[in-house]
Protein chains: 2
Amino acid sequence: MALFSPWTKSKSSGAVLQKATNQGTRLFNQRLVLKVIYDSSPTSRADVARATGLTRTTVSGAVEHLIRSGLTEEVGTGRSTGGKAPILLNVPDEARHLIGVDVGDSRVSGAIVDLRGHVRHESQVPLDGRDGEQALSRIEDLLDRLVAATDKPLLGIGLGTPGFIDTATGTVRWAVNLDWHDLALGERLQKRYRLPVYVANDSQAAALAEYAFGHHGSSNLLVVKVGEGIGAGLVLDGRLFQGTRSGAGEIGHTAVADNRRICRCGRVGCLETVATMHAVLERARELAPDAPDSVLHGTTDPEDITFARLVSAFEAHDRLAREVVLDSAHHLGRTIGALIGSLDPSHVILVGAMTVFGDPWLAAIRREAQRSALTLLVDATRVEIGKLTPNIVVLGSAALLMTRELGLSPAA
Amino acid sequence: MALFSPWTKSKSSGAVLQKATNQGTRLFNQRLVLKVIYDSSPTSRADVARATGLTRTTVSGAVEHLIRSGLTEEVGTGRSTGGKAPILLNVPDEARHLIGVDVGDSRVSGAIVDLRGHVRHESQVPLDGRDGEQALSRIEDLLDRLVAATDKPLLGIGLGTPGFIDTATGTVRWAVNLDWHDLALGERLQKRYRLPVYVANDSQAAALAEYAFGHHGSSNLLVVKVGEGIGAGLVLDGRLFQGTRSGAGEIGHTAVADNRRICRCGRVGCLETVATMHAVLERARELAPDAPDSVLHGTTDPEDITFARLVSAFEAHDRLAREVVLDSAHHLGRTIGALIGSLDPSHVILVGAMTVFGDPWLAAIRREAQRSALTLLVDATRVEIGKLTPNIVVLGSAALLMTRELGLSPAA
DNA sequence: CCCCTTTGTCAAGGCTATGGACTAAGTCCA
DNA sequence: TGGACTTAGTCCATAGCCTTGACAAAGGGG
């Protein structure tokens, strides 16, 4: 009894191109009315009519349908401005439940989320290094639990996973860590749960989360996820951009450094060889023996220098830790500067584990970005650390689902 | 008697959001039918119905309207496949005339173009270093001549000009060379000629030209214009992307080099300091005195080394010329690699004066791009020199007009 | 020559938005 | 307190668009 159709239905029509119909008009206006109510609730039918240009009659019809489907409710009356007091309308937070899933490196996190991005229920399952069919099976276990834990109408499922993902077809083209190739993940889960399913790259999901729930008021933003790897999600003109082969935002392997480090992609000089958690840790381990003034100095086994220790040292203003981390930020800043010059976004949001290095790290990124692109553009672009952690991918997957299924993009 | 509305009309409605109406449905389907006929002409009403999913009845209605407006004509009958022979339909090349204008550094070029991108009439006017109101006046002179030279229904005017251009409002935000700031160029010309007017950045116009007339069969392509300056135009998912402040594609000022050259933007190390015509020429002049084996050696006045001489030397395999040009290509290749990694386009098309250096230059760009981003992506991306020169900006401006006004994007 | 297929048109019907009239329910002012 | 006025929401007739099914036109094939 979904209000709007998932991507599979579009295949049923033999025609390649999309035509317009009267029903399409109705659907469009219904989504429009829902969006206006959602964005400016509480509001009245008359206000919605003014905002959309539709007649009060048409709005009333759409609202009637929305109320029947539970997506809208009447919540008392508002103040009169000289005439009959308006009946206020609202989209109940829990009119639908959304399931969002974050397929991470070591575990799968999932949550039940409401239409405003509030997490209602959380659950996780470790991956224990499993991949292929076994990893998929664990994801299904998690989904089973989440579906069972829902007590509201379920809108569908959204997943964020590393790799090259074709969101239009729900296909995982290539996910190294999970050993998935051309896996029709969306179709498979849709058949199992009989719900709309959307799949996106994890960085892209993060971008959608910031777009939907970050309250940036922008329709052009880049989210750069820096942790074990580096990837970006691009929301351009209010739409997720994935590129021709789902590879948009794969900035981790941009050549930036003149070092000779071999990247997991097989080439040298990649951004990932200098700016990931692993990279800074390696660098610290390399330099520690020659840095007697550092708290990281004097360990016999390099493995003793953990990421947590590096963070502590950094926060204690340890010279070596600062140097290593800020040098990585330098390279990241140059790449981000190039991105700003190419795409002129209004926001660049940094997320991922490396954001623990906080303001000094951010400042170094900003400084170098400033040196790397037109001042006019860089100065006008807000480079910030995201505030949605650690659920950002879960929220983004849910946002993808909500946007595609209901046409809602909360903070656009 | 335009079939579809230009951007100004959208202001007349008080509502902010766009509603759907029955008339909107009709308009949409009419554009759809026109597009199908345009793309696969000659074709029949029945074929259009099959391609769109509309009924034959609806298609007939739309075609009737299109024939009345001259945008479609019946051109005989096709072969029967066992029943009545279909009446073939076509969009006449000259159903409308388009005016495209390229506001260059030293002159303004304009042309009358038909719906297939054939240039029917050309005209130019020198700028003689004029800017501001005087430059605008020259453009109007050119337009007056072009409008007078048209003998077919005129669809409108498209302009490509350097600078930051907001195409949505037809405003020139900032054009250094012409000394234009926040100039409502579109509005002004629209009032003067009472025709739809669209304005875009020149690199963006070039991108639209390649998209529309380049027959690449792609909806994600980047056009990089390398001449006096360096700029890119981005067509992403079939739409021109301009960024938040119309600054998307301003890659000329990406930091790439460790040199100390001061760029016109005030910073150092910009791509434009190493890869433009001016930059390679300067570099050749610098190195010539120390290169006795070069044909460029031994000139007393550096000014004697012209761009034309550099090109000759390059083509004659002069070592110095090769080194200078291919070194510039190296930096360009790295930037293009980064773009490919960020945006995963299917094509990167190089245009502008620097393309005279041809295949060796292109090969150097490709080689470095390959080293600068994921092999998977770079190998799948076609990096080529455009074939639409020298009219590419004129054609792109016309393509912008045609796309926005008729919904046609010829080679999508 | 007859049957079948395909094309294009026609008329009836269904769906959606619109516009004016109408009711309900407030404010404002005398 | 009451009447004029304003605003919200609904009702109903109408217009516009697409669809459905029927039908004529026109061609192929045995």
Side-chain angles (χ1 to χ4, degrees), chain A residues 3 13-15 17-34 36-37 40-68 72-90, chain B residues 3 13-15 17-33 36-37 42-68 72-89:
Chain A
L3 187 54
S13 163
L17 297 162
Q18 205 58 29
K19 65 180 176 178
T21 63
N22 285 344
Q23 286 92 323
T25 301
R26 181 156 169 276
L27 215 63
F28 183 96
N29 285 333
Q30 224 156 79
R31 283 174 93 127
L32 185 62
V33 167
L34 176 63
V36 171
I37 298 173
S40 49
S41 66
T43 186
S44 66
R45 291 170 175 81
D47 277 336
V48 173
R50 275 186 290 268
T52 57
L54 295 165
T55 61
R56 293 198 304 270
T57 310
T58 305
V59 172
S60 282
V63 167
E64 190 191 337
H65 186 116
L66 291 170
I67 288 178
R68 265 209 309 276
T72 297
E73 62 182 358
E74 299 190 336
V75 286
T77 57
R79 290 198 59 78
S80 158
T81 58
K84 174 177 172 178
I87 302 171
L88 296 179
L89 302 169
N90 180 41
Chain B
L3 185 55
S13 163
L17 297 162
Q18 205 58 29
K19 65 180 175 178
T21 62
N22 285 343
Q23 287 89 329
T25 300
R26 180 157 168 275
L27 214 64
F28 182 96
N29 285 333
Q30 224 156 83
R31 283 175 92 127
L32 185 62
V33 168
V36 171
I37 298 174
T43 187
S44 67
R45 291 170 175 81
D47 277 335
V48 173
R50 275 186 290 269
T52 58
L54 295 165
T55 61
R56 293 198 305 270
T57 310
T58 305
V59 171
S60 282
V63 167
E64 190 191 335
H65 186 116
L66 290 171
I67 287 178
R68 266 209 308 277
T72 296
E73 62 183 356
E74 299 190 337
V75 286
T77 57
R79 291 198 58 79
S80 157
T81 59
K84 173 177 171 177
I87 303 171
L88 296 179
L89 302 169

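All of these numbers come straight from a predicted model, not from anything done at the bench. So you know, we letter chains A, B, ... as the sequences are listed, proteins then strands, and number each from 1.
- Residues passing the salt bridge (charged side-chain N to carboxylate O under 4.0 Å, His left out) test with R79(A), sequence neighbours excluded: none.
- For K84(A), there are no side chain to side chain contact (heavy atoms under 4.5 Å, CB included) partners two or more places apart in sequence or in a different chain.
- With sequence neighbours left out, the side-chain hydrogen bond (donor to acceptor under 3.5 Å, both in side chains) criterion links Q23(B) to no other residue.
- Residues that satisfy the side chain to side chain contact (heavy atoms under 4.5 Å, CB included) test with T77(A), not counting sequence neighbours, are A85(A).
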- line: Under a 4.0 Å heavy-atom criterion, the protein footprint on nucleotides 9-19 of chain D, written with B, S and -, is BBBB---BBSB
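- Taking the side-chain hydrogen bond (donor to acceptor under 3.5 Å, both in side chains) definition, one finds that E74(B) meets it with R45(B), sequence neighbours left out.
- Scanning for side-chain hydrogen bond (donor to acceptor under 3.5 Å, both in side chains) contacts around T58(B) gives T55(B), with sequence neighbours left out.
- T25(A) meets the side-chain hydrogen bond (donor to acceptor under 3.5 Å, both in side chains) test with T25(B); sequence neighbours excluded.
- Of all nucleotides in DNA chain C, those with any atom nearer than 4.0 Å to a heavy atom of chain B start and finish, going 5' to 3', at dT5(C) to dT18(C).
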